[in-house]
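What follows is a set of notes on a single structure, which appears directly below.
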Amino acid sequence: MPTRGGQEGRLLALGRMSAGDLAKAYIPRDIEETWAQAWLDRRVFEADPARDGPPFSIVIPPPNITGQLHLGHALNNTLQDVLVRWRRMAGDNVVWIPGTDHASIATQNVVERKLAAEGLDRHGLGREAFLERTFEWKEEVAPYIVSQLKRLGAGCDWSRERFTMDEGLSQAVREVFVRLWEDGLIYRGRRMINWCCRCGTALSDIEVEHRETQGSLWHLRYPLADGSGEVVVATTRPETMLGDTAVAVHPDDPRWRALIGQKIRLPVLGREIPIIADESVDQEFGSGAVKITPAHDPSDFEMGSRHGLEAPVVIDESGRMTLEAGPYAGLDRVECRAQLVAAFEADGTLLEVKPHTHAVGTCYRCHEIVEPMPSLQWFVRAKPLADPAIEAVREGRTRFHPEHWTKTYYAWLENIRDWCISRQLWWGHRIPAWYCEACGDEHIVVARETPSACPRCGAGLRQDEDVLDTWFSSALWPFSTLGWPEQTADLKRWYPTAVLVTGFDILFFWVARMMMMGLRFTGEVPFRDVYVHGLVRDEYGAKMSKSKGNVQDPLELLAIYGTDALRFTLMSQSAMGRDIRLSTQRIEGNRAFANKIWNASRFVLMKIGEPDPDAASAVACEDAAGRWIRSRLSVAAAEVSLALTEYRFNDASSAIYRFFWNEYCDWYLELAKLSLRSEDAARRAATRRTLVEVLETALRLLHPMMPFITEELAGKLPGASGAPLVESAWPDSGVLTSDPEAEAKVERLIAVVRAVRNIRAETGVAPSREVDLLISCADDAVWRDLTDFQDEIRALARLGVLERWTAAAPPAGAAPAVVAGIELHVPLVGIVDVAATLEKTAREIEKARAELLKVEAKLGREDFIARAPEEIVEKERERAAELVAKLDVLESALGRLGGVGA
RNA sequence: AGGCACGUAGCUCAGUGGGAGAGCGCUACCUUGACACGGUAGAGGUCGGCGGUUCAAUCCCGCCCGUGCCUACCA
């Protein structure tokens, strides 16, 4: 095991060997690598379908092989790892399947850039060689991604690692394609698609991002063919006018009704085009007349097909004007617009230009403006797949967390359009369709096995050049990774998967499509739960992006603060439905938490040198403090378990944080220090036992969130079995018991100590100075409980005398406090200026009076008494009585203070 | 245009139909044999605004303002 040598000679000299192992501060890098490797060596993450326990499976959202991981991946995989480690400890048969995604456009872009740097391009290289280069890239990058995940602590089953283009997954893709084709759910056709001129490929609708852009609205005069007048049309894209084949108006529009059926002479080209009537024209917009360019606008395309219009293509796939553009042929679309506008300005065709904001479609990968155009592509008929996907969520077979994402999910699926799946790229799954060289393109052969000849005429076949949308294969991920289409043991055991953890940005791209494909091909949902987390933003709430330069490298943060601190921070910020603003201050805070855990453990290890007497007497000697901390632990364990069950990661982390720091460290360790000084050996032994057991259990509760430090520390505790914590059992609430009686006692102790400390601090008693405490309480049992703790109260509040005060009046010259119905008096005459005490007491009275006023006002309202539930009314009455009693004590003490001061 | 989130302490964020919370920061004090990546105590909020429901609203409802995101064929 990794250890720290160094300046611990002092401790070693005292014979505390175990504590001597620990450095004074936690240094993460000393242990992280060692444990990451140790887990792998023990193969603890390697799953076996034959193992017992309820199945719990997760498939990783496969990172793209485009480069390194970012903080979004760190968040995503931390949450999965927390779930996986937790469920494994809880006894489930767990598998977490890792892998990477080939990401066709993105990866092809990366490799093409690399080629360009070498002065090469893919066309010069040829398809074969290009693919070879890209596979080389993949072989280089995928292991690097895996290594980053391992550094994060991700407990994936690396023996099951997959790649979307490996043999098995490629076979699944082909199987799905062929079946969909056979079922008539895949077709090839000429449709309006989105074309990225830079990437040189078709895109699906959701790969187009709509950006609000400040543009212009050009109003153009279109003369009537007979010269009797003109029609004004407005356009955001003047260059498309070269492809206009009609002007449309609303049939009811009084301004234009008379012109329907007449002809327009199109400027520049002189073509005569009709004025047509169509219901879809918005009379309110512009002049109410709209130019129709069927080949370059989706809605115009539809209108064109309704009216049987020609659709001349004037912009080609590279963004240049075609021969159809007449004098403008060969120009780039941007240049063409500039020249056209200039010409229209000159000849008066341009009536006016108005600023106009509209949503311009851009490519989600390269952000180039997307060109709508009709094109021969492959499509998936989406509706028959979407309907069962909607149904499954409606019936609760898959649930979203937070639940509100279901609405977004429905909204998209209910209005889904056919999915363009062909991409004019080389990197990806090639479409398993062949065309007969003799029969022509109309004869399409779609097959699982590559056919050698045309089954109809025996002539040669040519495979479709295109590849499939990456998301087509991603959609199969939950079952393809488990071995589908084979009915493997993995598939039977772990499908459907338990939960998908992902970001909302790929809800449509990925989640919805996995639902569609999963249901279609397995008959079951791909996952029971979907946990949708937020985006990791910078501390000012901005999206992290390379162009903004605010990207933080998780590996760097890991190195500075430690993996556990980063993980814990990401987790504690993961409240349902919120983005995460990551600030280094916050990570620092959790590094401090790790250090706290380290030092608490260091303390415990220092104190357990003494040999233990028999366990039985130690159990019998458990004191109230020990019972209290065990009880608090049981509460914390229950909270953590429940929170994880409900994907409330932030609540799980804060429950254990609070317990460890504010209860175990702040109070139990301090109490234990005292009982360890006891004369009673059995009591000392009981305390040591509790210190260790509670610490060990807390480390187990923490392990899914902070795997490294907990593993390291647990291994140093006595009684460690030699098996790592990752293989230990989740603290079962059945074993831990709550103890309300002990809780009440210790809470009273804490309240008394705090009250005295408050008086000391506020009246300015020097920290080293002892004060006396007089306690007035009517209840003998309460007094007995307090005297049981008298040594503790004395030590923690720095007291001299601690006595019961039985006189009717409060002692003169003492600062009063009332907590939990107990009167406390700290005589301060001769210790501090009476004025300070007077002032503090007056402030307390002020506060109590204000509160009493509120409560009395409430109790004074008849409606409240009559209509509020009885227990609420009763509670308010008790509160009022308490406040009255408290005020009584404070005021009377104040009076006696005044006397002293005079 | 529609939809969905969000607006709580200086900052980042939890939270609940009945007495406002955390972390960080801030103030004062403390090198107490686990920890200064620490300890003790404290200051700080009309819970975005206006209405409504209710005995009671930071929480439920409506409207408004502000912020972010998503969807959409208004040229």
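Model, not experiment: these values are computed from the prediction. Proteins get letters first, then strands, A, B, ... in listed order; numbering begins at 1 in each.
A salt bridge between Glu844(A) and Lys840(A) is present, with a side-chain N of the basic residue lying under 4.0 Å from a carboxylate O of the acidic one. Glu882(A) has no carboxylate O lying under 4.0 Å from a charged side-chain N of Arg879(A), or vice versa, which leaves the two without a salt bridge.
In this entry the distance linking CH2 of Trp412(A) with C1' of C69(B) reads 18 Å, nearest Å. Rounded to an integer number of Å, the gap from OH of Tyr664(A) to C1' of A34(B) is 10 Å. One interatomic measurement links the two molecules: CG of Asn650(A) to P of A22(B), which rounds to 16 Å at whole-angstrom precision. Atom CE in Met373(A) sits about 17 Å away from atom C1' in C73(B), given to the nearest Å. Taking atom CG of Leu535(A) as the reference point, atom P of U67(B) lies 20 Å away to the nearest angstrom. Taking atom CD1 on Ile872(A) and atom P on U16(B), their separation rounds to 17 Å, with Å as the unit. The CD1-P distance, from Ile750(A) to U40(B), rounds to 11 Å in whole Å. Here the C1' atom of nucleotide A56(B) and the CZ atom of Arg867(A) are 11 Å apart, to the nearest Å.
Nucleotide G7(B): paired with C65(B) (Watson-Crick or G-U wobble, both distances less than 3.5 Å). Both distances falling under 3.5 Å, in either a Watson-Crick or a G-U wobble arrangement, occur for no nucleotide opposite C47(B). The partner of A34(B) cannot be assigned: no Watson-Crick or G-U wobble pair with both contacts below 3.5 Å exists in any strand. Base-pair partner of A41(B): U27(B) (Watson-Crick or G-U wobble, both distances under 3.5 Å). Figure legend. G2(B) is base-paired to C70(B); pairs are counted as Watson-Crick or G-U wobble with both atom distances under 3.5 Å. Pairing for A22(B) is with U12(B), a Watson-Crick or G-U wobble pair whose two hydrogen-bonding atom distances lie under 3.5 Å.
Put simply, Lys596(A) has a side-chain N or O that comes within less than 4.0 Å of OP1 or OP2 on G39(B). Side-chain nitrogen and oxygen atoms of Arg658(A) include none within less than 4.0 Å of the OP1 or OP2 phosphate oxygen of A22(B). The phosphate of G42(B) has OP1 or OP2 within less than 4.0 Å of a side-chain N or O from Asn758(A). The side chain of Arg754(A) places no N or O atom within less than 4.0 Å of a non-bridging phosphate oxygen (OP1 or OP2) of U40(B).
Interface remark: the Arg757(A) side chain does not form any donor-acceptor pair with the U40(B) base, using a distance-only criterion of under 3.5 Å. Donor-acceptor pairing under 3.5 Å, judged by distance alone, is present between the side chain of Glu670(A) and the base of A34(B). Counting distance only, with no hydrogens placed and no angle test, the side-chain atoms of Lys407(A) and the base atoms of C4(B) include no donor-acceptor pair under 3.5 Å. No hydrogens or angles were tested; on distance alone, a donor-acceptor pair under 3.5 Å links the side chain of Lys673(A) to the base of A34(B).
Contacts of Ser583(A) with the nucleic acid, taken as non-hydrogen atoms under 4.0 Å apart, are absent. The residue Ala866(A) sits apart from the nucleic acid: no heavy atom pair falls under 4.0 Å. At the heavy-atom level, Glu876(A) lies under 4.0 Å from the strands shown only through sugar-phosphate atoms. Residue Ser654(A) is classed as having no contact, given no heavy-atom separation below 4.0 Å to the nucleic acid. Backbone-only engagement by His356(A) is indicated by non-hydrogen atom pairs under 4.0 Å involving sugar-phosphate atoms exclusively. Contacts of Trp661(A) with the nucleic acid, taken as non-hydrogen atoms under 4.0 Å apart, involve only primed sugar atoms and P, OP1 or OP2. Using a 4.0 Å heavy-atom criterion, one finds that Arg581(A) contacts the sugar-phosphate atoms exclusively. Heavy atoms of Leu582(A) sit nowhere under 4.0 angstrom from any nucleic acid atom. Residue-level contact check: Ala761(A) touches the backbone only, with heavy atoms under 4.0 Å from sugar-phosphate atoms and none from bases. Residue contacts for Glu762(A): at a heavy-atom cut-off of 4.0 Å it reaches the sugar-phosphate backbone alone, with no base atom in range. Counting non-hydrogen atoms under 4.0 angstrom, Phe508(A) reaches the backbone sugars and phosphates but no base. Nucleic acid contact for Ala600(A): base, since at least one base atom lies under 4.0 Å from a heavy atom of the residue. Nucleic acid contact class of Pro869(A) (heavy atoms, under 4.0 Å, all strands): base.
Look at the P atom in both A20(B) and U46(B): the space between them is 14 Å, to the nearest Å. Here the separation of G48(B) from C59(B), taken at their P atoms, is 8 Å to the nearest Å. Rounded to whole Å, the separation between the P atoms of U12(B) and C55(B) comes to 39 Å. Annotation: C6(B) and G15(B) have their C1' atoms spaced 15 Å apart (nearest Å). G18(B) and A22(B) have their C1' atoms separated by 23 Å, with the value rounded to a whole Å.
Of the candidates U12(B), A34(B), A72(B), the closest approach to any side-chain atom of Ala359(A) belongs to A72(B). Distance from the side chain of Gln585(A) is smallest to C24(B) among C24(B), U12(B), A72(B). Comparing C35(B), A72(B), C55(B) against the side chain of Phe864(A) picks out C55(B) as the nearest. In this structure, of G18(B), C73(B), C74(B), it is C74(B) that holds the atom nearest to the side chain of Asp282(A). Distances were taken from every side-chain heavy atom of Ser299(A) (C-beta onward) to each of C69(B), C35(B), C73(B); the shortest belongs to C73(B). Comparing U12(B), G19(B), A34(B) by their nearest atom to the side chain of Lys858(A) picks out G19(B). The side chain of Arg417(A) lies closest to C73(B), out of C73(B), A75(B), C4(B). Here A72(B) is the nucleotide among A72(B), C73(B), A75(B) with the atom lying nearest to any side-chain atom of Glu212(A). When distances are taken from the side chain of Pro767(A) to each of A41(B), G18(B), C29(B), the shortest belongs to C29(B).
Aromatic ring orientation, Trp661(A) versus Phe593(A): parallel (interplanar angle below 30°, classes split at 30° and 60°).
Considering CD of Glu792(A) and NZ of Lys673(A), their distance stands at 13.5 Å, rounded to 0.5 Å. Interatomic distance, CD1 of Ile206(A) versus CZ of Phe509(A), reported as 4.5 Å (0.5 Å rounding).
Around atom CD of Glu870(A), no more than 12 heavy atoms belonging to other residues, nucleotides or ligands sit under 6.0 Å away.
In this structure, Leu695(A) and Ser601(A) have side chains that are in contact, with non-hydrogen atoms separated by less than 4.5 Å.
In terms of position along RNA chain B, the nucleotide closest to Glu851(A) lies nearer the 5' end than the nucleotide closest to the other residue of the pair Arg591(A) and Glu851(A). Comparing Asn662(A) and Asp666(A) along RNA chain B, the residue whose closest nucleotide (by nearest heavy atom) sits nearer the 5' end is Asn662(A).
Of the possible donor and acceptor atoms, none in the side chain of Ser280(A) sits under 3.5 Å from a partner among the backbone N and O of Asp278(A).
In summary, the side chains of Asp244(A) and Thr293(A) do present a donor paired with an acceptor at a separation below 3.5 Å, with no hydrogens or angles considered. Side-chain atoms of Tyr364(A) and Glu207(A) form a donor-acceptor pair, as typed in the model, at a separation below 3.5 Å.
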